[in-house]
Every structure is written in C-alpha cells, then in structure tokens.
Protein chains: 4
Amino acid sequence: MKKKAVPSMVKDQQLVKKRREQMVKGAVRLFIEKGFHRTTTREIAKESGFSIGTLYEYIGSKEDVLYLVCDAIYEEVRDQLVSQLDTEAVGIDRVKKAIAAYFRVIDHLQDEVLVMYQEAKSLPKEALMYVLQKEVEMTKMFEDIIRDYVAEYRIDLSEEEIKLMSHNILVQGHMWTFRRWAIRRLYTLEEYTKLQSEQLLSPLTTVSN
Amino acid sequence: MKKKAVPSMVKDQQLVKKRREQMVKGAVRLFIEKGFHRTTTREIAKESGFSIGTLYEYIGSKEDVLYLVCDAIYEEVRDQLVSQLDTEAVGIDRVKKAIAAYFRVIDHLQDEVLVMYQEAKSLPKEALMYVLQKEVEMTKMFEDIIRDYVAEYRIDLSEEEIKLMSHNILVQGHMWTFRRWAIRRLYTLEEYTKLQSEQLLSPLTTVSN
Amino acid sequence: MKKKAVPSMVKDQQLVKKRREQMVKGAVRLFIEKGFHRTTTREIAKESGFSIGTLYEYIGSKEDVLYLVCDAIYEEVRDQLVSQLDTEAVGIDRVKKAIAAYFRVIDHLQDEVLVMYQEAKSLPKEALMYVLQKEVEMTKMFEDIIRDYVAEYRIDLSEEEIKLMSHNILVQGHMWTFRRWAIRRLYTLEEYTKLQSEQLLSPLTTVSN
Amino acid sequence: MKKKAVPSMVKDQQLVKKRREQMVKGAVRLFIEKGFHRTTTREIAKESGFSIGTLYEYIGSKEDVLYLVCDAIYEEVRDQLVSQLDTEAVGIDRVKKAIAAYFRVIDHLQDEVLVMYQEAKSLPKEALMYVLQKEVEMTKMFEDIIRDYVAEYRIDLSEEEIKLMSHNILVQGHMWTFRRWAIRRLYTLEEYTKLQSEQLLSPLTTVSN
DNA sequence: TATGAATGAGCCTTCATTCAT
DNA sequence: CATGAATGAAGGCTCATTCAT
C-alpha cells in the first residue's frame, strides 16, 4: 500500500517536510491534550508556529493532519524499535530483548501511541487502511523473530500460535499506554516487561504438565 | 464511586428509565455507525423516536448520552457474563469457562464494546472515572476467580501476576473487537478462545523447563 | 420541469412559506445593492429579520436563496402580467396592449428583473435549467398572442418570424432594465413602449415597399 | 472619458503590454469557464504563464484584470467590426451590411462578449463607467450609419427612433450570445441576421399600411 | 523583474442547546 | 410532558494580497 499523498501548494519539498514536522509536533501536543475532534485547525496552526493560511498550504483538510500524525508516529516507533533491536542476541534471549525494546519504545512515545490508538478511527477509510497496514508490518516483525526461534529450537508451536503471540505482544505494548491508569500503579516498566515476557513466552520455555 | 446523576426535567422515574433505554438503543446504533462526535443530538433524538426537545428533557448535555451508553454497555456485559458463569465448575476448568464466557459475551456485544472503547475517552473526567471504575470491578472478578484457583491448588503465582493475568484477560477480550480487522481472518471465536486460554493459563498449568 | 425542491428542516409549510418570503425580500434588496457574490449569508439572515441559524433551517445552501429569489421574481412577473392582460382587446390592439402590459410590469419590478438577469448564471445547472424554462414559457405567451393575431388576420408571417418577434419583445423588456443607464435618459416608459411597439409590430401592420 | 490607469510596478511599457496581453488571454478563458467570482487570482496567474507575484506586478487588484479583459474585448470587437465594414456599400445595403458584419463579429467572439456582458457589473463604478462609454461609442457608430441613410433618402425617422434602432441592433447582437440557449436552436447566424435585419429595418423600407 | 511562501480577514455551514407553545 | 423553531458561537476552509529573497 502506497503512502497516501497529502496535497500541498508549496513546491519546495525541503520546506514541506520541515513545516509538516512542525505541524505534527504541534498537533500531537494538542491531540494528546484534547483529542482530534476538540482541536481546531486554528489551534494546530498556532501551536505549529504559523497562520491558518499557512497550515492549509501544506495540507488539504484537517484529516490530513491526523494522517500525518499517525504516519509520523508509526515511523518513529518503528525507527526507534529497529535501532534498539539487539542483532547479536540469540535464542529466547533475542525474543525477550525484542519485546523489551518494543515496550521501551512504547513507553518512550506513550502519549503519541495513545493518540494514535484513540484517534486513528477518525481517519478516512483509505488513510485508515494505510495505517493499519503499518500495524500489520509491525506484527510481522515479531512473527519473524518468533518464527526464527521456533524453527531453530524446534519448538512445538503452530503458525497460528505464532501469529497470535505476535498480536499479543503488540497489544500488550499498547496496553501499557491505554491502560496506564490501572497498570502503572501496579508495575514499573521493568516489572511489566518481565512479567509479560514470562507470561507470553511461557509456551516457548515450558513443557506441559 | 456513585453512579453519576444525569439531570432530567421529568419526575416520573419509570418514564425516565424507559426514555433513556430508547435513547441508549438509538445512540448505540448511531455511535457504531459514525462515532460519537459525528453523531448529532438531532439524530439521536430521531433514532430514539422522539423530538430534540424531548431528548433534552432527559439529559443535560450530549455527553450525558455517551455516559448513559457506556454505563448501559457495561451493565449489559456484566449481566450477561454473570448469567453465563458456570458456578459448578471447579479447578482450572472454572477459570477456562469464565474466560470463554467472557469472550462469548464480548463477541455477542462486539459493536457496543468497540464503541465504548473508542468513545469513552470523550467523557468528561468524572464520568470517565466512573466508567473506568466499572472496568476495575470487572478486572476484580477475574482476579478473584484466579486467586481462588491459585489458593486452592497452591499454584506459585504472585499477587502481581494474578492482577496482570486478569488485565490480560480483559484486554484480550477487547482485542477481539478492536483488532478484528486482523484477528477474525485468522481465527473463529472458538479457536481464539482456545489459543488465548492456553497461552494465558500456561503459567497455571505448566512447570518451568 | 418540476420545481426544484429546496430542503428545509422546518415542517410547518405555512411557516416555511412565510419565512422564505421574508428571505427573498431581504435577499433581493441586498442582491440589488451588491450582487449575489458580494452578499453574505449573514447579511441575508439579518436583512430577513432572523439569525443565520434560522436561515439555514429554511435552505440548504446559499445558492438556494438565489434560486428562491429567481423563482419568486418570475412568479411575480408572470402574475402581474397575467393580471394586466386585457382579455377583451382584439386585433393588433391586443398585441400592443400585451407588450405595454409586459413593459409596465418590467418597469415596476425593474430592480428584481435586473438582479435575476445578472445573477441567474450563478445558479447550479439544474436550477438554471428550471429558471430558463420559465423564460421559455413567457416567450410562448407572446408567441401565442402573435400567432392568434397572424392567424385571424392572415398576416404573412412565418413561424420563425413569430418566434423571433416574441424573443425580441422579451429582450426589449429586459433591455429597459439592463440598459437603463442609456435608455432612460432618452425615453419615458411610455415613449419607449410606443416606439418599440411600432418598430416591433411594423411587420404586422405595414406592406413592403 | 480617459482610459482608467491600471497601476503597474514595472516600468518597461513594452513588457507591461505583453504581460497584460497574456493575462487577458488567460483570464478570458477562465472567466468563460467559471465566471469572474469563481476564478482565483492564482488561477489567472497560472493560466497566463507566470506566478501570482508577477501578476501583481502588473495590476493593483483582481478587479483590474476584469477591467483589462472588458477593455480588450471591446477593442477587439470594434477593431474587427471596423475592418469588416464595407465602405463601398450604399443605400440600405450599407446599413444591412453593417448589421451583418456586427453580428458576425459578435458570433466570432461570442464567449468573450458573453463574459463581458455577465461580469462587467462587477467592475468598480469608475471602470464600469468607462466600459459603458465604449458601448455608447459603438451605439453611435450605428446611429451615424442610420442617420446618413435617413438623411440621404429622406426617410421619415425621428432622431429618437434612430437612437432606439441603434440600441436595438446592439442588443440583438448581444442577444445572439446571451440567449443562445434558445435562439441557436431556431436559427443559423445567417437566418438570424436576415430575419432581424428585415425586422429592424422594416421602418426604413416600408410604408405604413 | 520574478517568485512563491506567508498572512488573516472573512466566508459558508453546522449543531448543541433553549424556550415558547 | 412533548414539540420543534430559533439561536449564535464556533469550525473548517479559501483566497486576495504582500513582501522577502
């Protein structure tokens, strides 16, 4: 799925990139604070440091801002995750470290991730599809890591179980943000990571009773 | 936390109850279709079968409708869950059956649950607190079930692990709705229930390798 | 061609009619003064005696106001014309009196007619078609009158000439408004009517040299 | 009445002329397509082949473009008309040929003439006066031609009748454009010219019955 | 001279809420 | 109690015009 083209009246691509970065930064702050629907385009422009007219030089509609925000957050999450993956780790340790890295990234970008989680549904259908595709790709990253491990150590785990485990990892990452009102009272990130890892990976490291 | 009082101009409590039921029914349909923010009060009134003036005889603001909707959905989920719990089951079977019952209820009310998940954040703070409290109570239901089992069978599971497991159950139930775009392609409800159960309960039924 | 339905949120048809009459009255005043495009919906609402919100209870868009205005002007012109037609007149006198009546009506409604002339082009296609249809009908009225005369007195005038004569009458009526900057300096309405009548009807009353 | 001065930041008169010609050409195309109010200055600049900044180097406001357009169209109509006038014709034939030439020019420039007819009203007062002056001059051209004929052949036609006849010629020319939705279905240009000529000139060529 | 990014006043339209009947 | 017409603040977006480069 190709990146949806957000229309811009400005030709200088360098400038477009810069302005959209400002815009995303400002919009995220506002969406975190009050949500997409309660944020006005004027507020976004102001928070981004330019006028309403200028805002519309770089987007076609308010929904485009949401799309840019979601896209940027996904990119950021994936980039940070990739840069934190320990490429030297082997065995179950590799899986554990991937999960830990992922949770760390989510924790680091918790506000952003939460925004995306709560507002992506307001995207127009096509843009939503594109964003969900990103989620699919991220799920596949974990599938691959698990599948590698399963293959190498001849673990008895079906393809379905691998896929589900991967989904669970993703969701438990998000859960750290959207359930933080309950969970952060109970655990630190390290504790959460350790407990979830053990739980998640229990099928990989135990034998049935 | 006490149920938040939604103001009504009408004295007859019987009538208030009836009208609000109509209202919730209508609103849920609309929120499922287009979300809270894109639904107008006029539409809610119409879908509920009365006029906009009448709508405001039974609520104080649009947000009250959302609150009533969330509240009703929680009640419904809890009621259905309670009625489906197999009170005769014992051992790990009791836990499994509780999970299965919960997932069944979620599946049955998937649209409603999804709406609540996506829109609750738009509630005013106080109302949100109240709704989250309901979530806490539901989590506690599962905590209790697990704790009973752990106690009886002297499983080596800490209080923190019990709480987390309970949260995971809840979230995996919701996940069946908010990730259905991916998950329903892979599993039927029965498969999903089975796989998640095994995974979730693996710490209760296996011994470390 | 059926009358285009202008959407209204208000059910009471009596009220709709009344409010739209206010609206047309106010809008005509403004369109005369500054044209359709330079008139804002707020101004229309204010001039009509109600709020902007109320305005939109009775129309779907600004263009609807223009449509209502054009429609109302046509109705008015036709009604006044019909009521002024001398049904007892016979011979060339009947034609002359019809022209005179028409010019009188145009003079009476000159501002309105001018507005319609200048702004109708801004109507959406469908509405424009409807309005042009009204113009066609009015042209036919004169065709019929001329045709009757031609038939009765066995005048040597082809169908094409009849049609063209009718168009010329219509346009010379409008000309009294859109060329008034030049023509009203030269003639009173009576003089204009007399001269144009003679000129127009010369093919009916003379023999070729 | 002197030509209204349109302000320009550019000194080189040669260049000013060239750019304004580009501009008029582009603007006419756009005005024909969507009218003056629905055309943006950006579009005019683009269609003219330069940037919005450059556009404003050669005009002071959007209305200046309309003025330049109207002025150019008038010039064009007059130039073409003058070049087509048969200076050798005599008698009634001279008048007929002038009318035919005029109608031919109008037909040739029908889109342009229509634009001018529909949009001139949006000119600021002073510019409108200037444009109307051009119309007066054109009317006088026909007055003169008719007056010559009337004088030479001692036709019984008052000065008022001459003036009105001239206005009618002008308007019937325009009518070929603004009523084309009805008239072009009925007549070819040649038929229209012939019929209107006969009708118009009937007072010059017939004797009263 | 030419460019095009920036500006912000202002436009059309929506919709939660009120209140007279 | 029920109705629905009226209200107007507020929102998304456009576009003529300016000005630094």
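Naming convention: chains lettered A, B, ... in sequence-line order (proteins, then strands); numbering from 1 in each chain.
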C/F31 and C/F36 aromatic ring geometry - parallel, tilted or perpendicular at 30°/60° bounds: perpendicular
Mutual orientation of the aromatic rings belonging to C/Y58 and C/F50 [parallel < 30°, tilted 30-60°, perpendicular > 60°]: tilted
Where DNA chain F forms stems, i.e. three or more consecutive Watson-Crick or G-U pairs with both distances under 3.5 Å: E:2-21 with F:2-21
Atom-pair distance (CE on D/M9; P on E/dA2), nearest Å: 13 Å
Distance in angstrom units between B/Y56 OH and E/dC15 P, rounded: 12 Å
Exercise: identify the closest heavy-atom pair between B/T39 and B/K62: O-NZ, 2.8 Å
Close approaches to DNA chain F from residues 22-52 of chain B, in residue order (heavy atom, under 4.0 Å): B/F50, B/S51, B/I52
Contact summary for C/G26 and C/S48, nearest pair of heavy atoms: CA-OG, 4.4 Å
Side-chain donor or acceptor of C/Y67 paired with backbone N/O of C/K4 under 3.5 Å: yes
Upstream residue (5' side of DNA chain E) when A/G53 and B/K62 are each assigned their closest nucleotide: A/G53
Qualifying residue, where the test is side-chain hydrogen bond (donor to acceptor under 3.5 Å, both in side chains) with D/R29 and the options are D/E47, D/E112, D/E43: D/E47
Interface limits on DNA chain F, where chain D has a heavy atom under 4.0 Å of a nucleotide atom: F/dC15 to F/dT18
